Amino acid sequence: MSTASVKLPNWINYGLMPFLNLSVAFFISGLVVWSIGENPFEAVSLMLEGALGSGEGIGFTLYYATSFIFTGLSVAVAFHAGLFNIGSEGQAYVGGLGAALVALALDHYVPWYVTMPFAVIGAALFGAGWALIPAWMQATRGSHIVITTIMFNFIGAALMVYLLVNVLIVPGKMAPETRTFLEGGQLPKLDWLMALFGMRLGPAPFNVSFLIALVMAFLVWVLIWRTKLGFEMRTLGISPSAAVYAGVPYVRTVIVAMLISGGLAGMMALNPVMGASARLQVEFVGGAGFVGIAVSLMGRSHPVGIVLAAILFGMLYQGGNWVSFEMPNITRDMIVVIQGLVILFAGALEYMFRPAIAKAYGRLAKG
């Protein structure tokens with residue numbers, strides 16, 4: 001029997017293997033830090049201090065994590081249906097347009113809690129709309145979803161630059177961005193949540209979109225494991241031929257899965273657009289769509305795992321910024337290398353240890 005066919009318990013799949021992957025990633029990162037003459041243990045200490053050592057640091061960590069939760073969920077929903085959506089970056093970018101148009105239209109007239117649900121719908125619709133054409137091409141023409149979604153990332157970026165430079169720009173200003181939203185178009189910061197733990201948020205842009213992300217994580221769990229559509233998606237992801245033979249509508253399921261995936265990616269824009277900067281700017285996504293791929297892989301495409309993996313990557317982002325400030329020899333480029341190693345071992349080499357673990361577990365199971 002091959003090791004690939006050995007069924008491992010959840011504590012190995014969702015606990016031991018991610019822990020081993022992370023341990024190896026941080027070990028190699030430590031060697032990189034040591035090779036430039038710095039103390040890796042001091043670097044880890046500074047990273048934890050920057051990410052978790054203050055209310056402000058925690059706020060920034062959770063701010064980054066919020067974006068990664070949305071994009072991680074986006075990748076996971078498509079993955080359960082056997083689709084590899086690489087377009088979360090572009091879908092989030094276009095989703096920002098939907099959120100911004102709602103904020104610009106309503107911020108003069110209503111408070112934020114009235115604007116928010118319309119902004120959520122707008123961001124989701126625009127993100128889903130940007131995923132529709134790749135989904136339709138995959139479902140009806142067999143065009144590979146990876147290629148088409150990557151292409152749409154670039155098309156979306158070009159479209160957004162054009163709109164910000166020629167349509168949405170504030171007259172008389174050079175910066176390619178919309179006007180600043182009034183309070184009715186801004187998501188408030190979660191100062192009260194940090195105050196419950198005796199901490200001050202400070203300038204960190206940790207905002208209500210974090211709570212929206214947690215709600216979406218719960219709804220994705222309900223969708224995938226508690227609904228007929230979710231069952232059809234998972235069946236299609238495991239075996240398309242068996243799913244079609246069993247009566248699962250292939251075209252409808254692929255398109256619906258991609259629309260949900262794109263909608264989740266679009267909602268990521270709520271965090272930076274309405275929560276942090278209160279305006280639509282160029283390149284506000286900042287690579288969160290691609291980080292979402294690693295977050296989904298590390299979280300085993302399960303909402304709980306995705307939330308935890310997103311917080312880990314939030315710690316890497318915020319802690320990395322702190323390390324590069326406190327240890328000048330460790331530049332921002334070095335931090336990117338460390339983040340890349342985590343992505344490599346958590347994503348590309350996700351099952352590096354699986355054969356050995358499965359072999360050992362198989363022997364133990366036989367007694």
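In this chain, residues are counted from 1 in sequence order. Everything numeric here is computed off the predicted structure, so don't read it as measured data.
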Determine whether the side chains of [X] and [Y] contain a donor N or O and an acceptor N or O closer than 3.5 Å.
X	Y	value
Q91	N85	yes
T66	S209	no
S74	S261	yes

Rounded to the nearest 0.5 Å, what separates atom [atom1] in [X] from atom [atom2] in [Y]?
X	Y	atom1	atom2	answer
L193	L201	CG	CG	9.0 Å
S29	L316	OG	CG	8.5 Å
M274	R279	CE	CZ	14.5 Å
N271	I212	CG	CD1	9.5 Å
M268	F68	CE	CZ	8.0 Å
L132	L259	CG	CG	5.5 Å

Crowded around [X] [atom1]? As in, over 12 foreign heavy atoms under 6.0 Å?
X	atom1	result
F79	CZ	no
M327	CE	yes
W225	CH2	yes
M199	CE	yes
I133	CD1	no

Please confirm whether Y317 and F313 have ring centers closer than 6.0 angstrom.
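Y317 vs F313: aromatic centres not under 6.0 Å.
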
Suppose we call two aromatic rings close when their centres sit under 6.0 Å apart. Are Y93 and F284 close by that rule?
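Yes, close enough.
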
Is a side-chain N or O of [X] found less than 3.5 angstrom from the main chain of [Y], in a donor-acceptor match?
X	Y	result
K173	R179	no
R234	I224	yes
S301	L297	no
S296	G292	no

With a cut-off of 3.5 Å and sequence neighbours excluded, list every side-chain donor-acceptor pair involving residues 108-122.
from: T115; atom 1: OG1; to: P111; atom 2: O; distance (Å): 3.4
from: T115; atom 1: OG1; to: G184; atom 2: O; distance (Å): 2.6

Quick one, I36 and M334 - any side-chain contact, counting heavy atoms below 4.5 Å?
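They are in side-chain contact.
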
For Y250, all residues meeting side chain to side chain contact (heavy atoms under 4.5 Å, CB included), sequence neighbours excluded
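Checked Y250 against side chain to side chain contact (heavy atoms under 4.5 Å, CB included); matches are Q138, L236, V244, V254.
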
Just do the side-chain hydrogen bond (donor to acceptor under 3.5 Å, both in side chains) check on N153 and E89 with the steps written out, would you?
CA-CA 6 Å; N153 284 338; E89 187 87 0; over 6 Å; no

